[in-house]
**Student:** 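What follows is a structure written as C-alpha cells; I'll ask about it next.
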Amino acid sequence: MGYESLRDWVKALDRAGELKRVKAEVSTELEMAEIADRAAKSGKGTKSAGGPALLFENVAGYPGARVLMNQFGSTRRMLMALEVETLDEIAKRIEVLLHPVAPTGLMDKLKMLPMLAEVGGLFPKVVDKKNAPCKEVILHGDDVDVLKFPVLKTWPGDGGRFITLPCVVTRDPKSGKRNVGMYRMQVYDGKTTGMHWQRQKVAAEHFRERMREATEDVAGAVDVMALTAGGTVAAVDTSSVPQTVLTKIRGERMEVAVAIGTDPATTFSAIVPAPPEVEEYLIAGFLRKKAVEIVKCETVDLEVPAHAEIVLEGYVELGELRTEGPFGDHTGFYTMTDEYPVFHITCITHRKDPIFAATVVGKPPMEDAWMGKAVERIFLPLMKLTLPEIVDVNLPAEGVFHNLMIVSIKKSYAGHARKVMSGIWAMGQAMFTKCVIVVDEDCDVQDVAEVTLRVANNIDPERDIQFTMGPVDSLDHASRLPNYGSKMGIDATRKWAAEGFTRPWPQMLTMPKDVKSKVDSICKNLGLE
C-alpha cells in the first residue's frame, strides 16, 4: 500500500510495461524535453494517449545520472500513481469524510472506528535521520552545487535551466503549518536559484507575512500593503517600500527546503488546490492510505520526505529579488521575465545515485494534462460542498485549466447558472477561471462536442453572455493588466419563463431506451459499437 519512494514507483512502472529506458545519449538542453513532449502527445485522441514514462540512463555530461520524465503522462499511470481503478474512488472517500453519517447507536459508532483510525494514521511521521535514505550523502560549503545534477533547459527561449518538478516546503510564520507547493526554479548558479512564487500562491503569502514581520520590527508602522502593490506578478513588489527599510531587513531570512524525486502521491499533492489549513503531507498520506515519512533538515527548521532522491536546503533573503524567466509555460507561450525571490542553497542531501525527476510543459496535451484531470475528478466533492447544485465539471486540457471550465448543474430557479458562475469565481484558485460555461445536468460536460452543440444552439449571445472584472492568472498574457482583467460566463442552460423566455423550448432528439436496447446486439454484429 503506497509507494515508499520514487524508486518503488519506477519499479512498478517497469513491471507494468509503462516505462521506456532511453539508452541513447541525450542532452539536458532541449533534447530531453523534445522526447518527453513527443511521448506526451503520443496516441493523442486514443485510449492509449500519453505515451510511456521515460527513464534517461545516458545523460550527456552527467555520467551515471538518471532522469525520469512523463511519469504521470497517461490515464493509466495516473491511476497507478494513486493506486485506484478510477479517480472516482478517491472522490468517494472524500465525500465520506465530508458527509459522515451521524451514528444513532452503538453499532453505528463501532462502524465509524475504522474510518477514524484510518484518518488518524495518515498524519506525517517524523523518522530519525539515520533511517532517512535522503541523508545518504550530505554536502556542505564548497561541495554545494545544484549544477552537479542534470537540470533541464526545456525550450530554446528559456532564461536558463529550470528545476521543473520540485516539492517546495515552507512554513507559515503565523500558524507554523507547513506547505508543500510546486514552483519552478531557475538555476542561476550552483548555489542560487529563482523561486517562482506568483502572488496568489501559498508560499508567496508566507514570504509576504515574513516581510511584514520584518518591516514592522525595523520601521514601526510601515504600510505593509506596499508589499503587494503594483503590477508585478511576483510574490512581492518592493518598489514602494522605502530603501531604508529594505536596507535594514537585508539579512533577514525565510527558510525553504526543496525535495526533488518523491513518491508519486507526495509529488501530486504539491499541485492540488487544497485549503491552506490542510498540509500536503496529510493529503499525500490520504492518497497513499499510509503516512508519509518525513525527516528534519540539516540546516533549516523544516521537514522533508525521508525517501526523497534529492533535498536542497536554504533560505530566501527578504528584500532580495532577481530577474527570472522567460520560461516556456503550460499555456503554450513563454511567460516573460519578472522579479522573484532568490533561493540560496546552504546544504544538499541526496540518495546514492539519485534519480532526477523533471517534467516539460508547453502546448497541451502534456504530462500536466493528466495531473490536472486527476485534480478535477478528485476535488469535485469539495466544489459540491460549496455549490451542491453542481453535477460535474470539465477543465479541458486545451483550456490550460484556468482558461475554461464547463459545468453542469441541476437548475432550480431563474438565474441559477449566473449564481454558479459567481460562486466559482469566489472559490479559491477557481477565481482565475477566465471562461465558465454552464449547461443543464443532462449534458455530458466531458463530451466537448455535446457541449459545443448545446452552447451554439442554446444561447442568445447578448442575453446569455456576461462579463465581469476580477483577478486573473499571472500567466494570462492577454489581460489588460498583470493579474487583473475580465472574465466571461456563458449560460447555455434551457431558458425559463421566469427568465423572460416566453417561447416554447424544443425537446432534443433521442431514441427510446427499448429501441436502443434491441438494436445494441445488431450494431455489435455490424461493428458499429
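Quantities reported herein were computed from a predicted structural model and do not represent experimental measurements.
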**Student:** Closer than 4.0 angstrom, basic N to acidic O: yes or no for D464 and K495?
**Tutor:**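 Salt bridge: yes.
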**Student:** Tell me, with the steps shown, if F56 and M32 meet side chain to side chain contact (heavy atoms under 4.5 Å, CB included).
**Tutor:** CA-CA 8 Å; F56 296 93; M32 282 187 184; 3.8 Å; yes
**Student:** Determine whether E367 and Q71 make a side-chain contact, defined as any pair of heavy atoms from C-beta on separated by less than 4.5 Å.
**Tutor:**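 Answer yes - side chains close enough.
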**Student:** Between F327 and Y334, is the ring centroid distance below 6.0 Å?
**Tutor:**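 When the ring centroids of F327 and Y334 are compared, they turn out to be at least 6.0 Å apart.
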**Student:** Could you report the tightest heavy-atom contact between C443 and S408, atom names first, then the distance?
**Tutor:**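 Answer, listing the atom of C443 first, then S408: O-CB, 4.0 Å.
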**Student:** Any heavy-atom pair between the side chains of V84 and I90 that's under 4.5 Å?
**Tutor:**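 In contact.
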**Student:** Measure from the side-chain N and O atoms of D158 to the backbone N and O of G328, and report whether any donor-acceptor pair falls under 3.5 Å.
**Tutor:**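 At least one qualifying donor-acceptor pair exists.
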**Student:** Could you go through F207 and W197, starting from their C-alpha distance and side-chain angles, then the distance that decides it, and tell me whether this counts as ring-ring contact (aromatic ring centres under 6.0 Å, His included)?
**Tutor:** CA-CA 9 Å; F207 187 58; W197 287 339; 5.7 Å; yes
**Student:** Between F286 and R93, is there a cation-pi geometry (under 6.0 Å to ring centre, at most 45° from the normal)?
**Tutor:**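 Ring-cation test returns yes.
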**Student:** For T452 and R454: C-alpha separation, side-chain torsions, deciding distance, then whether side chain to side chain contact (heavy atoms under 4.5 Å, CB included) applies.
**Tutor:** CA-CA 5 Å; T452 304; R454 298 287 186 116; over 6 Å; no
**Student:** Should we say atom CZ of F333 is surrounded by more than 12 heavy atoms from elsewhere, each under 6.0 Å from it?
**Tutor:**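 12 or below, so no.
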**Student:** Could you tell me the separation between the CZ atom of F268 and the SG atom of C167, rounded to the nearest 0.5 Å?
**Tutor:**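 Going from the CZ atom of F268 to the SG atom of C167 covers 12.0 Å.
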**Student:** What class does the angle between the rings of F149 and H350 fall in, given that below 30° is parallel, 30 to 60° is tilted and above 60° is perpendicular?
**Tutor:**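 Correct class here is perpendicular.
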**Student:** Check this for me, if you would: do K373 and E376 make a salt bridge, where the nitrogen-to-carboxylate-oxygen distance has to be below 4.0 angstrom?
**Tutor:**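 Salt bridge flag = yes for E376 with K373.
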**Student:** Quick one: does any side-chain atom of D476 pair with a main-chain N or O of V472 as donor and acceptor, under 3.5 Å?
**Tutor:**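 Such a contact is absent between D476 side chain and V472 backbone.
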**Student:** Are Q186 and H196 linked by a side-chain donor-acceptor pair shorter than 3.5 Å?
**Tutor:**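 Distance-only check fails for Q186 and H196.
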**Student:** Taking D329 first and then R184, would you say they form a salt bridge - that is, a charged N and a carboxylate O separated by under 4.0 Å?
**Tutor:**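 R184 and D329: salt-bridged.
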**Student:** Say whether, by atom type as modelled, one donor and one acceptor occur between the side chain of Q446 and the main chain of V393 under 3.5 angstrom.
**Tutor:**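 Confirmed, Q446 side chain pairs with V393 backbone.
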**Student:** So does E389 pair up with K419, basic N to acidic O under 4.0 Å?
**Tutor:**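 Yes, E389 and K419 are salt-bridged.
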**Student:** As an exercise, state the distance from NE2 of H416 to CE of M421, rounded to the nearest 0.5 Å.
**Tutor:**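 Between H416 NE2 and M421 CE, I get 11.5 Å after rounding to 0.5 Å.
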**Student:** Would you check if T266 and P305 make a side-chain contact, meaning some heavy-atom pair closer than 4.5 Å?
**Tutor:**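 Side chain of T266 against side chain of P305, heavy atoms only: contact under 4.5 Å found.
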**Student:** Please walk me through it: do T323 and E339 pass side-chain hydrogen bond (donor to acceptor under 3.5 Å, both in side chains)?
**Tutor:** CA-CA 5 Å; T323 301; E339 301 296 300; 2.5 Å; yes
**Student:** Under the criterion salt bridge (Lys or Arg N to Asp or Glu O under 4.0 Å), which of K410, R377, K384 is the partner of D392?
**Tutor:**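 Of the listed options, the one satisfying the test is R377.
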**Student:** Does any part of the side chain of K434, heavy atoms only, come nearer than 4.5 Å to the side chain of M488, both counted from C-beta?
**Tutor:**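 No, too far: nothing below the 4.5 Å cut-off.
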**Student:** Taking C-beta and beyond as the side chain, do M371 and I271 meet within less than 4.5 Å on heavy atoms?
**Tutor:**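 The answer is yes; the side chains approach within 4.5 Å.
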**Student:** Report yes if some heavy atom in the side chain of L55 is under 4.5 Å from a heavy atom in the side chain of V22; otherwise report no.
**Tutor:**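 They are not in contact (no side-chain heavy atoms under 4.5 Å apart), so the answer is no.
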**Student:** Examine distances only and state if a side-chain atom of R15 and a backbone atom of V10 form a donor-acceptor pair shorter than 3.5 Å.
**Tutor:**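 Not at all, since once roles are kept as given, no pair shorter than 3.5 Å links the two residues.
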**Student:** About how many Å separate CG of N394 and CE of M405, when rounded to the nearest 0.5 Å?
**Tutor:**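 CG of N394 is found 10.0 Å from CE of M405.
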**Student:** Looking only at heavy atoms, which two atoms of A308 and C134 are closest? And how far apart?
**Tutor:**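 Closest heavy-atom pair between A308 and C134: O-CB, 3.3 Å.
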**Student:** CD1/I465 to CG/D491 distance, rounded to the nearest 0.5 angstrom?
**Tutor:**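 It is 10.5 Å, given to the nearest 0.5 Å.
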**Student:** So, are E255 and R171 salt-bridged, with charged N and O less than 4.0 Å apart?
**Tutor:**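 R171 and E255: not salt-bridged.
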**Student:** Determine the minimum heavy-atom distance between N403 and V400, stating which atoms define it.
**Tutor:**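 Result for this residue pair: ND2-CG2, 3.3 Å.
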**Student:** Kindly indicate whether a cation-pi arrangement holds for R322 with Y188, taking the cut-offs as under 6.0 Å to the six-membered ring centre and within 45° of the axis.
**Tutor:**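 The answer is yes, since R322 meets both limits relative to Y188.
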**Student:** Do NZ/NE/NH1/NH2 and the carboxylate oxygens of D263 and R7 come within less than 4.0 Å?
**Tutor:**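 Between R7 and D263 there is no salt bridge, as every charged N stays at least 4.0 Å from the carboxylate O atoms.
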**Student:** Is there a side-chain contact between V436 and K487 in this structure, where contact means two heavy atoms from C-beta onward sitting under 4.5 Å apart?
**Tutor:**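 Answer no - side chains too far apart.
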**Student:** Applying the side-chain contact (heavy atoms from CB on, under 4.5 Å) criterion to M182, which one of T164, T267, V168 satisfies it?
**Tutor:**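 Answer to the side-chain contact (heavy atoms from CB on, under 4.5 Å) test with M182 among T164, T267, V168: T267.
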**Student:** Contact between T192 and I345 at the side-chain level, heavy atoms closer than 4.5 Å - yes or no?
**Tutor:**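 The answer is no; the side chains never approach within 4.5 Å.
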**Student:** Would you compute the distance between atom CZ of R494 and atom CG of N458 and round it to the nearest 0.5 angstrom?
**Tutor:**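 That separation rounds to 7.5 Å.
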**Student:** Heavy atoms only: give me the nearest P341-V316 pair and the separation to one decimal.
**Tutor:**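 Smallest heavy-atom distance, with atoms named: CB-CG1, 4.2 Å.
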**Student:** Within the distance-only criterion (no hydrogens, no angle test), does the side chain of K363 pair as donor or acceptor with the backbone N or O of H330 below 3.5 angstrom?
**Tutor:**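 Such a contact is absent between K363 side chain and H330 backbone.
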**Student:** Whether R178 and D172 form a salt bridge (side-chain N of Lys/Arg under 4.0 Å from carboxylate O of Asp/Glu) is what I want to check.
**Tutor:**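 No, this pair does not count.
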**Student:** Could you go through the side-chain hydrogen bond (donor to acceptor under 3.5 Å, both in side chains) check for E313 and T349 one step at a time?
**Tutor:** CA-CA 8 Å; E313 303 177 12; T349 72; 4.8 Å; no
**Student:** Are the charged groups of D14 and K20 less than 4.0 angstrom apart, N to O?
**Tutor:**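 A salt bridge is absent here (no side-chain N lies under 4.0 Å from a carboxylate O).
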**Student:** Please report the closest heavy-atom contact between A430 and T433, naming both atoms and the distance.
**Tutor:**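 Closest heavy-atom pair between A430 and T433: O-OG1, 2.8 Å.
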**Student:** Is the Y315 ring parallel, tilted or perpendicular to the H344 ring (thresholds 30°, 60°)?
**Tutor:**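 Correct class here is parallel.
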**Student:** Could you give me the CA-CA distance, side-chain angles and deciding distance for F356 and I260, then say whether side chain to side chain contact (heavy atoms under 4.5 Å, CB included) is met?
**Tutor:** CA-CA 7 Å; F356 190 85; I260 302 170; 4.1 Å; yes
**Student:** Should the pair D440-K411 be classified as a salt bridge under the 4.0 Å nitrogen-to-oxygen rule?
**Tutor:**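 Looking at K411 together with D440, the answer is no, because their closest N to O distance does not fall below 4.0 Å.
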**Student:** Indicate yes or no for a side-chain donor-acceptor contact from R77 to the backbone of N70 under 3.5 Å, with no hydrogens or angles considered.
**Tutor:**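 Side chain of R77 to backbone of N70: a pair is present.
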**Student:** Treating E309 as the side-chain partner and I355 as the backbone partner, does any N or O pair qualify as donor plus acceptor under 3.5 Å?
**Tutor:**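 At least one qualifying donor-acceptor pair exists.
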**Student:** State, to 0.1 Å, how close K290 and E4 come at their nearest heavy-atom pair, and which atoms those are.
**Tutor:**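 Residues K290 and E4, closest heavy atoms: NZ-OE1, 3.4 Å.
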**Student:** Is the Y3-W9 ring centre distance short of 6.0 angstrom?
**Tutor:**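 Ring centroids of Y3 and W9 are less than 6.0 Å from each other.
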**Student:** OH/Y484 to OG/S479 distance, rounded to the nearest 0.5 angstrom?
**Tutor:**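 Nearest 0.5 Å value for the OH-OG distance: 11.0 Å.
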**Student:** If the threshold is 4.0 Å, N to carboxylate O, is there a salt bridge linking K92 and D88?
**Tutor:**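 No, this pair does not count.
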**Student:** Give the C-alpha distance, both sets of side-chain angles, the deciding distance and a yes or no for salt bridge (charged side-chain N to carboxylate O under 4.0 Å, His left out) between E279 and K177.
**Tutor:** CA-CA 7 Å; E279 286 195 354; K177 289 185 179 296; 5.8 Å; no
**Student:** Quick check against the 3.5 Å criterion: does D145 have a side-chain atom that pairs as donor or acceptor with the backbone of L147?
**Tutor:**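 Between the backbone of L147 and the side chain of D145 there is a qualifying donor-acceptor contact (under 3.5 Å).
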**Student:** Can you confirm whether more than 12 heavy atoms, excluding those of R38, are under 6.0 Å from its CZ atom?
**Tutor:**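 Open: at most 12 neighbouring heavy atoms sit under 6.0 Å from CZ of R38.
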